[in-house]
Each structure stands twice: as structure tokens, then as C-alpha cells.
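Counting starts at 1 for both ligands and their atoms, following the listed order.
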Amino acid sequence: DAKRNGKMRFSTFSPKMAEWEKKKLSIENAIREGMEYNRFETHFQPKINCETGEIIGVEALARLRDKHGQLVSPADFIPIAQEYGVLEYITYIVTEQSCQLLQILGDPGFGASVNISPSQLSDLRLIVDIRKILHRYGIETRQIEFEVTEEELIINEFAAKNNLEFIREFGFKTALDDFGAGYSSLGYLKKFRFDTLKLDQIFINTEDYASAASIAVIRSIKALAITLGMEIVAEGVETQNQVDLMQSLGIRNIQGYYYSKPVTAEAFIELYRANKSNIESVYTVQQLAL
Ligand code: C2E
Ligand code: MG
Ligand code: MG
Ligand code: MG
């Protein structure tokens with residue numbers, strides 16, 4: 001009977017559903033036109049070491065403009081692109097633009113993170129094709145880190161483990177994204193080896209982020225990351241207070257609006273160069289003082 005009710009609900013006209021259908025249709029159009037007229041772009045958000053102020057890495061984030069030049073959120077277009085089988089196209093663009101950026105920055109010690117969908121983890125041809133893109137730009141595999149969320153790890157543990165190992169054997173770095181937002185089984189941290197654990201912004205962007213309970217949770221995740229040899233990056237850091245809290249917990253690496261929103265490649269290059277010369281002058285001053 002419950003099943004019947006469920007079906008009934010689906011066939012009943014709902015203004016909300018109609019609205020979503022309309023939105024979905026406009027996103028589909030934006031994706032199709034985006035592919036036709038090259039309206040996909042990549043924005044870049046720095047990760048910084050909040051102790052030194054140094055930009056230590058960058059996350060590449062897909063962007064799509066509709067025909068009015070308005071940005072469509074990746075949270076909206078990524079799932080639809082996946083449904084239509086064109087997510088690969090977006091991943092190539094993001095990877096290629098990341099390689100272009102890294103080539104311009106010219107520091108083989110500096111890397112970029114690219115998000116891949118859980119299902120792409122098992123597309124080993126994609127990984128090999130990405131390897132070829134890196135070759136074209138003279139970028140080392142260790143300069144690219146794949147960020148994955150935990151869904152796929154749960155759906156097919158065995159395959160995910162093998163595929164992650166395959167990716168790591170190439171020399172790519174791996175990060176577990178949005179840790180704390182989903183299932184966050186601590187067991188997975190032991191089973192799968194990741195270079196980086198990204199602490200989801202859900203910990204930081206809440207009213208009670210500084211409560212004793214929140215701090216205890218972050219502290220234990222941090223301890224676990226250390227024990228398992230993972231770097232930890234706090235996402236969604238927006239305020240000085242949040243920076244201070246992270247620092248007091250020994251979490252140095254942060255990403256968030258506090259330092260910068262995701263910006264265009266051009267803007268990122270400027271940000272990076274200014275940051276580098278800033279850091280250098282700080283070192284010079286320190287050395288003079290010695
Ligand atoms: P994510 O990988 O967890 O990326 C971080 C998201 O948090 C980004 O949203 C970023 O703009 C946002 N963010 C960064 N700092 C702050 C902050 O201080 N405060 C707040 N409120 N937000 C902050 P964005 O760019 O809208 O991307 C959303 C999600 O879409 C990403 O989450 C990622 O899961 C997905 N995505 C983006 N680009 C790609 C892509 O190329 N491929 C795949 N598969 N997914 C992508
Ligand atoms: Mg990410
Ligand atoms: Mg994230
Ligand atoms: Mg996310």
C-alpha cells in the first residue's frame with residue numbers, strides 16, 4: 001500500500017516538481033551549449049598554510065556559464081552532466097586548464113587538485129587519458145591530486161581500493177574530500193590510503209563550530225590523520241576566528257573565503273605571484289634579522 005501511495009505521489013501534479021523539471025531543462029541546455037560554445041571554464045581556489053601565509057596548493061573547480069553569462073553552480077550541473085554521460089568532457093577541461101596553470105607557474109613542487117566523481121574512479125581509461133594531458137604540458141603526476149568523496153568507496157570497496165592503488169601507482173596524489181559530510185566511517189581511512197584528508201566545511205561553517213563537542217571531533221580526526229600519515233586541510237574557513245581555532249588544533253592548511261574565493265586562472269596567477277614575493281620578502285627580513 002505504501003508503494004502505491006509512492007506511485008500516486010509521483011503521478012500527482014506538483015508545482016515543485018514542475019519547477020525542478022524546468023530548472024533541469026535549463027541546466028541541460030546550458031551544458032549542451034556550454035560544450036558547443038566553450039562556456040566551461042575552471043576557477044582556482046588557493047590552499048594556504050595559515051602559519052606562513054604561503055599558498056601551498058590550489059583546487060580546480062568547474063564553472064559553466066549560461067547564454068546570459070550567468071554562472072551555473074557545479075552542484076547543479078555536475079550531477080546532470082554525469083547523468084547524460086558528459087562528465088568526462090568537463091574533467092578533461094578542468095585537468096587541461098589546471099595543467100596550463102601549473103605550466104605557467106613553473107614550479108614542479110606546486111600542485112593542483114581536481115575533483116573526480118566517485119564513478120570516475122573506476123574509469124581507468126580516463127586516468128590514462130589524463131596522464132597523456134599531463135605529458136603534453138610537462139606536468140608530473142605528483143602535481144595532480146584527485147579529490148574523491150566517499151560514496152564509491154562504500155558502494156564497491158574492492159574495486160575502489162584497486163582503482164585508488166592504480167591511480168597512486170601512476171604517482172597521482174589522492175584526497176578524501178568532504179570528510180565528515182557523509183558516512184565518514186573511520187574504518188575507510190585505514191582501508192584506503194589517501195595523501196590528504198579534507199575536513200568538510202560542515203565542521204567549520206556552523207554556529208557551534210567552537211563548541212567543546214565540535215572541537216573534540218575535529219581534534220580526533222586530526223589525530224587520526226596524523227597517525228595514518230595524511231595531510232589534513234580544513235575547508236570552508238571564512239573568518240579569522242576559524243583560522244585561529246584551526247591553528248590552535250594544529251591544522252595549518254586551510255582553504256576558504258577567508259583567504260580567497262575560487263578565482264579565474266589569470267587572477268590566481270596574480271595572487272600566487274604576489275604571495276610568493278611576499279613570502280620571499282618575509283624570509284629575507286627574517287634572514288637579515290639573524
Ligand atoms: P568541493 O570539491 O568540496 O569544493 C569546495 C566547494 O566549497 C566549492 O564550491 C567552493 O567554492 C566552496 N567553498 C570554498 N571555500 C568556501 C568558504 O569559505 N565558504 C563556503 N561557503 N564555501 C566555500 P563549488 O565550486 O560551488 O563546487 C561545489 C562542488 O561541486 C565541489 O565541492 C565538488 O564536489 C563539485 N565540483 C566542482 N568542480 C567539479 C569537477 O570538475 N568535477 C566534479 N566531479 N565535481 C566538481
Ligand atoms: Mg573538492
Ligand atoms: Mg570539499
Ligand atoms: Mg563538496
Side-chain angles (χ1 to χ4, degrees), residues 27 31 34-35 39-48 50 55 57-65 70-99 101 111-123 126-127 130 133 144-152 173-182 184 194-207 209 221 231-243 245-246 253-265 267-268 271:
I27 295 170
I31 291 173
M35 293 175 74
R39 291 195 195 126
F40 282 97
E41 47 189 276
T42 309
H43 284 194
F44 297 94
Q45 186 177 35
K47 297 178 205 169
I48 66 158
C50 61
I55 297 180
V58 61
E59 176 169 8
L61 295 153
R63 294 289 180 264
L64 167 63
R65 285 186 193 282
Q70 296 294 313
L71 285 172
V72 184
S73 166
D76 289 332
F77 71 74
I78 294 286
I80 295 176
Q82 175 145 34
E83 190 183 324
Y84 288 91
V86 296
L87 186 57
E88 189 175 279
Y89 172 87
I90 297 170
T91 306
Y92 286 139
I93 290 182
V94 170
T95 306
E96 177 146 21
Q97 294 184 350
S98 298
C99 287
L101 176 79
S113 306
V114 171
N115 292 282
I116 59 170
S117 266
S119 68
Q120 294 182 302
L121 202 57
S122 48
D123 187 356
L126 174 88
I127 305 299
I130 286 179
I133 297 177
I144 296 289
E145 179 171 71
F146 291 114
E147 295 192 1
V148 289
T149 53
E150 55 199 336
E151 297 149 68
E152 184 81 354
K173 295 257 168 66
T174 55
L176 184 56
D177 203 357
D178 299 352
F179 186 76
S184 302
F194 288 97
D195 298 287
T196 309
L197 185 154
K198 298 192 79 178
L199 192 64
D200 193 75
Q201 52 174 285
I202 201 164
F203 289 106
I204 294 135
N205 271 323
T206 47
E207 295 262 305
Y209 74 92
I221 295 174
E231 290 283 336
I232 183 162
V233 176
E235 300 191 81
V237 175
E238 294 184 355
T239 66
Q240 182 66 54
N241 284 342
Q242 292 168 340
V243 174
L245 177 69
M246 288 304 121
N253 301 337
I254 62 156
Q255 185 183 335
Y257 297 169
Y258 168 76
Y259 189 79
S260 171
K261 289 195 169 184
V263 295
T264 62
F268 183 81
L271 204 63

- Query: E59: heavy atom below 4.0 Å from ligand 1, yes or no?
  - Reply: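 So E59 counts as touching ligand 1.
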Notebook entry, point to check: N205: heavy atom below 4.0 Å from ligand 1, yes or no?
Noted result: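 Checking ligand 1 against N205, which is what was asked, there is a heavy-atom contact under 4.0 Å.
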Return the option from P74, P262, S113 holding the heavy atom at the smallest distance from atom 26 (O) of ligand 1.
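Selected option, by shortest heavy-atom distance: P74.
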- Item | Short N or O distance, Q45 and ligand 1, threshold 3.5 Å exclusive |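 It does: an N or O of Q45 is found under 3.5 Å from an N or O of ligand 1.
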For the Mg ion (ligand 2), which N, O or S atom of E147 is at the shortest distance?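 Of all N, O or S atoms in E147, the Mg ion (ligand 2) lies closest to OE1.
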Suppose we only allow N, O or S atoms; which atom of D177 ends up nearest to the Mg ion (ligand 2)?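 Among the N, O or S atoms of D177, the one closest to the Mg ion (ligand 2) is OD2.
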Below 2.8 Å, can you find an N, O or S atom of E59 next to the Mg ion (ligand 2)?
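Short answer: yes, at least one N, O or S atom is under the cut-off.
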* N, O or S from N115 under 2.8 Å to the Mg ion (ligand 2) ->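 It does; at least one qualifying atom falls short of 2.8 Å.
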### Query
Does E59 come within less than 4.0 Å of K47, counting only side-chain N to carboxylate O?
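Salt bridge: no.
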_If you count heavy atoms of other groups shown closer than 6.0 angstrom to CD of E231, is the number above 12?_
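Result for CD/E231: open.
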Checklist entry - Would you find more than 12 non-hydrogen atoms of other residues, nucleotides or ligands less than 6.0 Å from Q240 atom CD? => result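 Count over threshold, so yes.
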### Query
N/O/S of E235 less than 2.8 Å from the Mg ion (ligand 3)?
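So E235 does bind the Mg ion (ligand 3) by this criterion.
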By ring-ring contact (aromatic ring centres under 6.0 Å, His included), which residues pair with F44, not counting sequence neighbours?
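ring-ring contact (aromatic ring centres under 6.0 Å, His included) list for F44, sorted by chain: empty.
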message = Taking ring-ring contact (aromatic ring centres under 6.0 Å, His included) as the definition, give me every residue that meets it alongside F77, ordered by chain and number, with sequence neighbours left out.
response =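 For F77, the residues satisfying ring-ring contact (aromatic ring centres under 6.0 Å, His included) (neighbours in sequence not counted) are F40.
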